[in-house]
Number of protein chains: 2
Amino acid sequence: MSLRSKLEDVAKMAGVSTATVSRCLNEPGKVTNKTRERVMNAVDALGYTPHFGAKALASRKTRTVGAVIPTMDNAIFARGLQAFQEALAAAGVTLLVSSSGYDAEQEADQIRVLVMRGAEGVLLIGTARLAKAYEFLARSKTPYVIAWALSDRESPCVGFDNMGAAKAMAERVLALGHRDIAMISGITAMNDRAASRVEGVRAALVQGGLDPDRLSVEEVHYAFDAAGKAFERLMVREVPPTAIICGNDVLGVGAISAAKRRGLRVPEDISITGFDDIDIAAHVEPGLTTVHVPHERMGAGAAAALLALIEGETPQATVCIETRIVERGSLGPPRVGA
Amino acid sequence: MSLRSKLEDVAKMAGVSTATVSRCLNEPGKVTNKTRERVMNAVDALGYTPHFGAKALASRKTRTVGAVIPTMDNAIFARGLQAFQEALAAAGVTLLVSSSGYDAEQEADQIRVLVMRGAEGVLLIGTARLAKAYEFLARSKTPYVIAWALSDRESPCVGFDNMGAAKAMAERVLALGHRDIAMISGITAMNDRAASRVEGVRAALVQGGLDPDRLSVEEVHYAFDAAGKAFERLMVREVPPTAIICGNDVLGVGAISAAKRRGLRVPEDISITGFDDIDIAAHVEPGLTTVHVPHERMGAGAAAALLALIEGETPQATVCIETRIVERGSLGPPRVGA
DNA sequence: ACCCCAATTGTAAGCGCTTACAATTTGGAC
DNA sequence: GTCCAAATTGTAAGCGCTTACAATTGGGGT
């Protein structure tokens with residue numbers, strides 16, 4: 001690290017003790033106006049920046065929390081995280097973010113890293129993760145809250161009912177008369193959100209008297225082109241679907257794009273739905289019918305819960321954020337005779 | 001922070017001194033297999049995680065660097081940053097990311113925060129920032145590299161020629177016969193990339209014998225709907241443009257979307273171009289003709305430069321990453337008689 | 001002017017780790 | 001078995017900060 005001035009330098013320059021400088025910076029009220037001024041002058045004359053590590057070590061607090069999200073690639077987590085961080089900032093708490101690339105092993109590592117860097121609590125996405133990650137959290141007594149999903153763990157969660165929302169969407173699709181339904185899903189292994197959404201669709205089929213095993217599910221990672229390829233695979237099946245329920249909006253947009261490339265009209269020839277309601281969903285043609293998730297509310301709620309937990313309080317165990325379907329045009333009735 | 005076990009606990013359990021434990025963890029070669037085993041057992045029996053702050057304090061090194069990006073909202077910076085962080089990880093260096101929301105004051109703060117948290121160097125986007133930010137970097141002797149743009153500062157940059165690329169795109173537009181050209185740009189204040197792109201377009205106009213002052217420029221922040229509104233404003237002008245050059249792909253996609261909503265065909269009725277070549281550019285209809293930026297190469301190059309700088313070496317001052325135009329269909333000749 | 005208490009400032013002991021340096025062990029070579 | 005250098009381990013002094021506690025100061029009340 002570079003040469004930096006330390007508390008002692010400031011103290012010397014201002015002609016006071018290090019304790020006084022520390023007080024100036026942390027509890028300005030406990031110091032005379034006159035000395036405070038002297039100290040502050042020294043502080044910015046020297047460009048003094050406190051050494052975070054030393055501070056954390058001495059005070060044994062960091063005012064920092066961490067979050068491990070699956071990816072920063074697409075906008076899925078951006079809005080919620082933004083709200084999370086704003087709520088934290090309002091409480092004077094810094095957020096450290098890292099991403100796991102949807103890899104459980106990496107996620108466990110990242111949690112360790114965040115805690116080692118002083119995270120006093122962490123935000124986790126969904127419930128599916130390595131046992132050792134949970135063990136580490138327990139052993140290090142690190143508070144955590146789970147978001148983007150509901151959880152039955154002892155630690156609180158602020159999320160939404162992935163299965164219920166997906167089921168509702170599937171019911172809507174069924175109600176329009178679709179019987180040949182397929183799904184393009186994210187990889188469900190170690191991803192409870194993706195898995196729940198598939199499960200929700202299956203539940204709707206069962207409820208509608210259809211065989212859930214006939215649902216073709218293409219599992220791909222969340223990317224436009226992967227969705228496009230999955231779409232191609234689905235459309236060359238013996239009985240091509242008349243509606244494709246996508247696990248999220250990235251997949252939905254990718255599917256719409258692939259449909260158009262194939263010369264199919266949406267929704268006349270094929271209906272497509274998404275999940276999340278990210279910005280782009282409203283900006284494709286036709287607009288993507290999707291599940292709107294109030295990410296801002298979730299992020300803010302998660303922050304409140306985590307902050308409470310850190311303060312030793314016991315926040316509500318489960319906060320369920322309501323989702324709703326937004327109709328935009330990519331979902332319609334099947335072609336008659338299809 | 002939660003109760004954590006410390007080096008001393010491990011040492012006690014393994015029956016060795018704290019120095020030996022430290023060596024086990026940091027220079028395993030310097031320790032007998034037998035003792036290493038004993039120590040390691042104690043380490044995971046206790047779930048020991050070193051205290052980062054203490055480590056940083058004692059060793060006065062952190063092996064971390066920081067990056068302040070304008071936003072995590074859209075995918076513009078995701079790919080480059082990903083490459084940056086992978087290159088760092090390969091060198092055993094951790095990346096701390098924070099975002100400024102395109103706010104110069106906030107950016108200066110974030111730089112301070114990162115340095116205070118131990119960043120041994122920082123990655124900055126573009127050249128336009130508060131003087132005090134540069135002063136802080138100089139005074140704290142923090143190495144930095146600038147990416148996403150070219151810079152004539154003493155500190156290295158790994159970027160591309162925003163102005164040149166925009167000029168090339170504008171030349172292409174002119175070559176197709178367009179004369180009524182407009183621009184939807186990002187906010188140019190404190191954003192040199194946005195400003196350079198506008199400048200580049202103007203330069204092409206001048207070169208083509210047109211009056212650069214006749215270029216209508218709508219400045220908006222980077223969001224689909226903001227671009228849509230800007231599009232509307234442009235199209236109701238006395239002489240609506242036949243081509244709109246957008247400052248980036250988010251704006252381009254927003255403009256295409258708005259055009260279609262307005263019943264205009266792209267490119268028959270209106271040509272639209274973008275900049276960056278993010279994923280979505282290839283997945284709208286028609287595909288967005290845009291400037292492809294090799295983000296991966298840039299990110300990796302920036303990492304190499306910053307790492308070198310931290311090691312006290314003097315990397316190449318300016319690395320210019322070549323961009324190229326990708327034709328996708330949203331740019332065509334103007335309607336005859338338009 | 002003097003005393004006393006509250007407000008302000010100083011002193012110094014760590015926080016958990018690394019790392020010179022010192023002490024001890026090890027294992028050949030004789 | 002002895003001796004010596006090399007390998008391994010231990011000792012202890014900080015790293016830059018916070019914070020009890022002690023010392024000092026200042027300002028009424030008399």
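Proteins get letters first, then strands, A, B, ... in listed order; numbering begins at 1 in each.
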Exercise answer: donor-acceptor pairs, residues 305-318 of chain B side-chain atoms, under 3.5 Å, sequence neighbours excluded:
from, atom 1, to, atom 2, distance (Å)
Q316(B), NE2, T318(B), O, 3.0

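Looking only at distances, no side-chain donor or acceptor of S151(A) sits under 3.5 Å from a matching main-chain atom of T127(A).
Partners of K132(A) according to the side-chain hydrogen bond (donor to acceptor under 3.5 Å, both in side chains) rule, which considers only residues two or more places apart in sequence or in another chain, are E105(A). Residues passing the side chain to side chain contact (heavy atoms under 4.5 Å, CB included) test with A14(A) are V16(A), V39(A), A42(A), sequence neighbours excluded. For S59(B), the side chain to side chain contact (heavy atoms under 4.5 Å, CB included) partners at least two apart in sequence or on another chain are K61(B). For S22(A), the side chain to side chain contact (heavy atoms under 4.5 Å, CB included) partners at least two apart in sequence or on another chain are L7(A), N26(A).
Nearest-nucleotide mapping onto DNA chain D: of K55(A) and S59(B), the residue sitting toward the 5' end is S59(B).
Across all strands shown, Y48(B) has heavy atoms under 4.0 Å from sugar-phosphate atoms exclusively, and none from any base.
The side chain to side chain donor-acceptor pair (under 3.5 Å) contacts involving residues 84-95 of chain A comprise Q82(A)-E86(A), where partners must be two or more places apart or lie in separate chains. Screening residues 34-54 of chain B for salt bridge (charged side-chain N to carboxylate O under 4.0 Å, His left out), with sequence neighbours left out, gives no hits. The salt bridge (charged side-chain N to carboxylate O under 4.0 Å, His left out) contacts involving residues 17-30 of chain A comprise E27(A)-K30(A), where partners must be two or more places apart or lie in separate chains. The salt bridge (charged side-chain N to carboxylate O under 4.0 Å, His left out) analysis of residues 68-79 of chain A, with sequence neighbours excluded, yields the pairs R79(A)-E296(A).
Comparing the start and finish of the helix from dA1(C)-dT30(D) to dC30(C)-dG1(D), five pairs each, the helix axis swings through 40°, to the nearest 10 degrees.
Looking at residues 12-32 of chain A, you'll see A19(A), S22(A), R23(A), N26(A) sit with a heavy atom under 4.0 Å from some atom of DNA chain D.
Of all nucleotides in DNA chain C having an atom under 4.0 Å from a heavy atom of chain A, the first and last in 5' to 3' order are dT8(C) to dG16(C).
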